[in-house]
Amino acid sequence: MLTIKSSIYLSIKKVLNNLSFPVKDFSIIPPKIPEFGDLSSNIALLLAKDLNKSPMDIGQIIIKELNNYPNDYIVDISLTKPGFINFKIDNQFFQNQLLEILEKNDNYGKGIIGEGKKANVEFVSANPTGPLTVGHGRNAIIGDTISNILEWQGFDVVREYYFNDAGRQMRILAKSVEARYFELLGQNLQLPEDGYQGDYIIDIAQSLLNEKGSELKPGSKWFQSKSEEIIFHDIKESLLKLGINFDEFVNEKTFYDNGDIDQLISDLKEKDLIYEKENAVWFKTSSFGDAKDRVYIKSSGEPTYRVPDTAYHRYKIKRGYDLIIDVFGADHADAYPDVINALNALGHKTNHIKVLIYQFVTLLRSGKKIKMSTRKGDFVTLDKLVSEVGVDIVRYFFIMRSVNSHLDFDLDLATEYSDKNPVYYLQYAHARLCNILARGNNLEYDITTGFNLKLLKHENEILLLKYMSIFPEYAENAYLNLEPQIITNFLQEFSARFHKFYNNCRVITDDVELTKARIALVRASKIVLKNGFRILGISAPERM
RNA sequence: GCCCUCGUAGUUCAAUGGAUAGAACAAGUGCCUCCUAAGCAUUAGAUGCAGGUUCGAUUCCUGCCGAGGGCACCA
């Protein structure tokens, strides 16, 4: 499909040249109405104004000229209403694509955009103050799926987790554990103001008690270090359950220890971008269009998050990635421009940094919103969600909506969903197809050789063939837009076409030739589905 | 008050500026002596409001209304 598209593109360009028409940025896309053809261009519409002619007239001139450049696979060029030029592609083209799919197998649909390039995807990055919640879940799944999408284009991807185990929140966490610890020893509970109230704090206190007995003194560093250890361990376990593995964990503390932060401050000072006022250090965000300047270093001497974040991004740039992606929740939308601005001011190129802002998840139970707060211990953990509905559903639900649209996650629906679930629709197609292949293997002849693709001409066969040949374009679009939903949309439509094919074209029949051809189509369908599932990180069950 | 994202069918969501706005769930009606009915077929049903740009707007711009999230010496 790609090749035929580009050959049409080149032909049109040549024609425009021949006719001395201006070359516009025209499109070649499948028309919404299939009857019009397989591909369609808007070039005549775009030229109408420049040439002061009606698009239909221009279209006719272009088509006449296009006919001088015949293409083996284009069987018809037509002109419709407002001025679209439509191309019908020979079924043979799509039949031949099937050979390519079988040949490439696990690699079918991969792109080469990222070949030889390195990418860094930072996601989750939750500080170890408590278990991962459903909110973190969307971040985790988006980040991991984006990573898969990049790998599918050939990128060498580093999945990175950035955290801070030295801030105020961690101190409060330690104090909370300490309070619970002494409560377990029979003292009155004195949770700190703003303390963490979740039950997991009691569990941590209990394991400290088991390990250290009652010897710990108030203010012991064990309260924090043990909490961090336990929570981080749990976080990694939760992610692992979802099939997510990080390559790097970067601690904010690094940049204090290695001098990067001091360096950053002095570099910004040199650029005259920071100044002191009222005992604090301020960053001139107003010079980048912000309403007011922001505090960089508090009067207490503690830097605000902008400082280490900027140092961290500088570090990422230094590591020489071709692409750097940050996955942030909507609450960070206002913060990251400061980081980018600072980097630009310091002379760093930031075009290769893409910040992905996703909108929040609203959890619904019994039709009502659940308001969550880690601090109050009032949340649904990711673990709980996974154990309730399973990995495949969690992964799929979090990316089935566009990244920048709010996501409603209905717990009742997800738990009792089982047979109405959109994930099962896809997986069922795969299971069905595996069953056909299993039956095929029991036939007394070899189903994998000597098939005649020309026999695949039923409407539902052609529709399926056409869609599989477009898979690489969808994978590429998912990369270009950094939008996993493009893959889920593709798989939904692909599965629908497969189910229709299944209902209208019986595969295994007494007609050996037709059986062989259709088995080839089913094998190719399996490849497309499986590869799509691989990008999404969901399983491809052989039976259901 | 200012900034960001989103307003599409009863509900949850699609639609690289294009042609007749697509699905799923919910509602109605059909289809298993036939490779898995977790399926297929079929009937109804929608672009928040008002302007603007364009040959052409769900998409871009302005205003209003509504939802979520930001506007801290929190991250």
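Letters go in sequence order (proteins before strands), and every chain restarts at 1.
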Determine, for Lys316(A) against Glu122(A), whether the closest basic-nitrogen to carboxylate-oxygen distance falls under 4.0 angstrom. yes
Closest of rC74(B), rA19(B), rC13(B) to the Arg168(A) side chain is rC74(B)
* To do: Mind checking Leu480(A) for me? I need base, sugar-phosphate or nothing, with any heavy atom below 4.0 Å counting as a touch.
  => nothing
Record whether the side chain of Thr304(A) comes under 3.5 Å of the base of rA75(B) through a donor-acceptor pair of N or O atoms. no
Note to self: Parallel, tilted or perpendicular, judged at 30° and 60°: which one describes the rings of Phe255(A) and Tyr312(A)?
What the structure shows: tilted
By the Watson-Crick or G-U definition, both distances under 3.5 Å, rG51(B) is matched with rC61(B)
request  = Select base, sugar-phosphate, or nothing to describe what Asn42(A) touches, counting heavy atoms under 4.0 Å on all strands.
outcome  = base
Quiz item: Taking only side-chain nitrogens and oxygens of Lys500(A), does any of them come within less than 4.0 Å of OP1 or OP2 of rA41(B)?
Solution: yes
* Asked: Taking 4.0 angstrom as the limit, do Asp446(A) and Lys516(A) come out as a salt bridge?
  -> no
Rounded to the nearest 0.5 Å, the CD1 atom of Ile113(A) sits from the CG atom of Leu480(A) at a distance of 5.0 Å
Walking RNA chain B from its 5' end, the first of His406(A) and Asn481(A) to be reached, judged by nearest nucleotide, is His406(A)
Closest heavy-atom pair, Pro303(A) versus Lys298(A), reported as atoms and distance to 0.1 Å, is O-CE, 4.2 Å
N or O in side chain of Asn503(A) less than 4.0 angstrom from rG39(B) OP1/OP2: no
Give a yes/no on whether any side-chain N or O of Lys277(A) is located under 4.0 angstrom from OP1 or OP2 of rC73(B).
no
Check: Which part of the nucleic acid, if any, lies within reach of Pro55(A) when heavy atoms closer than 4.0 Å are counted: base, sugar-phosphate only, or nothing?
Finding: nothing
Between rA19(B) and Lys81(A), is there an OP1 or OP2 to side-chain N/O distance shorter than 4.0 Å? no
Fill in: Rounded distance in Å between the C1' positions of rC35(B) and rU58(B)
42 Å
Exercise. Pick base, sugar-phosphate or nothing for Ser40(A), based on heavy-atom distances below 4.0 Å to the nucleic acid.
Key: base
- Tyr428(A) near the nucleic acid: base, sugar-phosphate alone, or nothing, with a heavy-atom cut-off under 4.0 Å? base
_Could you tell me how far rU53(B) sits from rU59(B) if I compare only their C1' atoms? Round to whole Å._
13 Å
Checking rG18(B), rC40(B), rC73(B) against the side chain of Trp282(A) (C-beta onward), the nearest is rC73(B)
Ranking rC13(B), rC55(B), rU5(B) by distance to the side chain of Ser405(A), first place goes to rC13(B)
Of the listed rU54(B), rC74(B), rG39(B), the closest approach to the Lys298(A) side chain comes from rC74(B)
Salt bridge or not for Asp511(A) and Arg518(A), using N-O below 4.0 Å? no
For a quick check, tell me whether the side chain of Ser299(A) and the base of rC73(B) share a donor-acceptor pair closer than 3.5 Å.
yes
Closest to the side chain of Arg439(A), out of rU16(B), rU12(B), rC35(B), is rC35(B)
_By the 4.0 Å heavy-atom rule, please label Asp331(A) as base, sugar-phosphate, or nothing._
base
By the Watson-Crick or G-U definition, both distances under 3.5 Å, rA19(B) is matched with none
Exercise. Answer with base, sugar-phosphate or nothing: what part of the nucleic acid does Ala48(A) contact at a heavy-atom distance below 4.0 Å?
Key: nothing
**Request:** Taking atom C1' in both rG52(B) and rA14(B), compute the distance separating them and give it to the nearest angstrom.
**Result:** 27 Å
Just to be sure I understand the rule, does Cys505(A) reach a base, reach only the sugar-phosphate, or reach nothing, if contact means heavy atoms closer than 4.0 Å? base
Checklist line | Side-chain N,O (Tyr425(A)) to OP1/OP2 (rC40(B)) below 4.0 Å | finding: yes
Regarding rC25(B), purine or pyrimidine glycosidic angle vs 90° from 0 gives anti
Carboxylate-amine/guanidinium contact Lys466(A) Asp38(A), below 4.0 Å:
yes
Considering every strand and a 4.0 Å limit on heavy-atom distances, what is the contact class for Thr362(A): base, sugar-phosphate, or nothing?
nothing
Q.
Any base atoms under 4.0 Å from Ile297(A), or only sugar-phosphate, or nothing? Heavy atoms, all strands.
A. nothing
Considering every strand and a 4.0 Å limit on heavy-atom distances, what is the contact class for Phe36(A): base, sugar-phosphate, or nothing? base
Under 4.0 angstrom, heavy atoms only, what part of the nucleic acid is Asn86(A) near: base, sugar-phosphate, or nothing? base
Span that lies between the C1' atom of rG18(B) and that of rA57(B), in whole angstrom: 9 Å
OP1 or OP2 of rC13(B) under 4.0 Å from side-chain N/O of Gln485(A): no
Checking rC55(B), rG39(B), rC73(B) against the side chain of Arg432(A) (C-beta onward), the nearest is rG39(B)
**Study point:** Below 4.0 Å: OP1/OP2 of rA37(B) and any side-chain N or O of Tyr502(A)
**Key:** yes
- [ ] Could you give the distance separating rG51(B) and rU12(B) at their C1' atoms, to the nearest angstrom?
- [x] 31 Å
Ranking rC35(B), rA19(B), rU12(B) by distance to the side chain of Ile436(A), first place goes to rC35(B)
Over all strands shown, is Tyr296(A) touching base, sugar-phosphate only, or nothing at heavy-atom distances under 4.0 angstrom? nothing
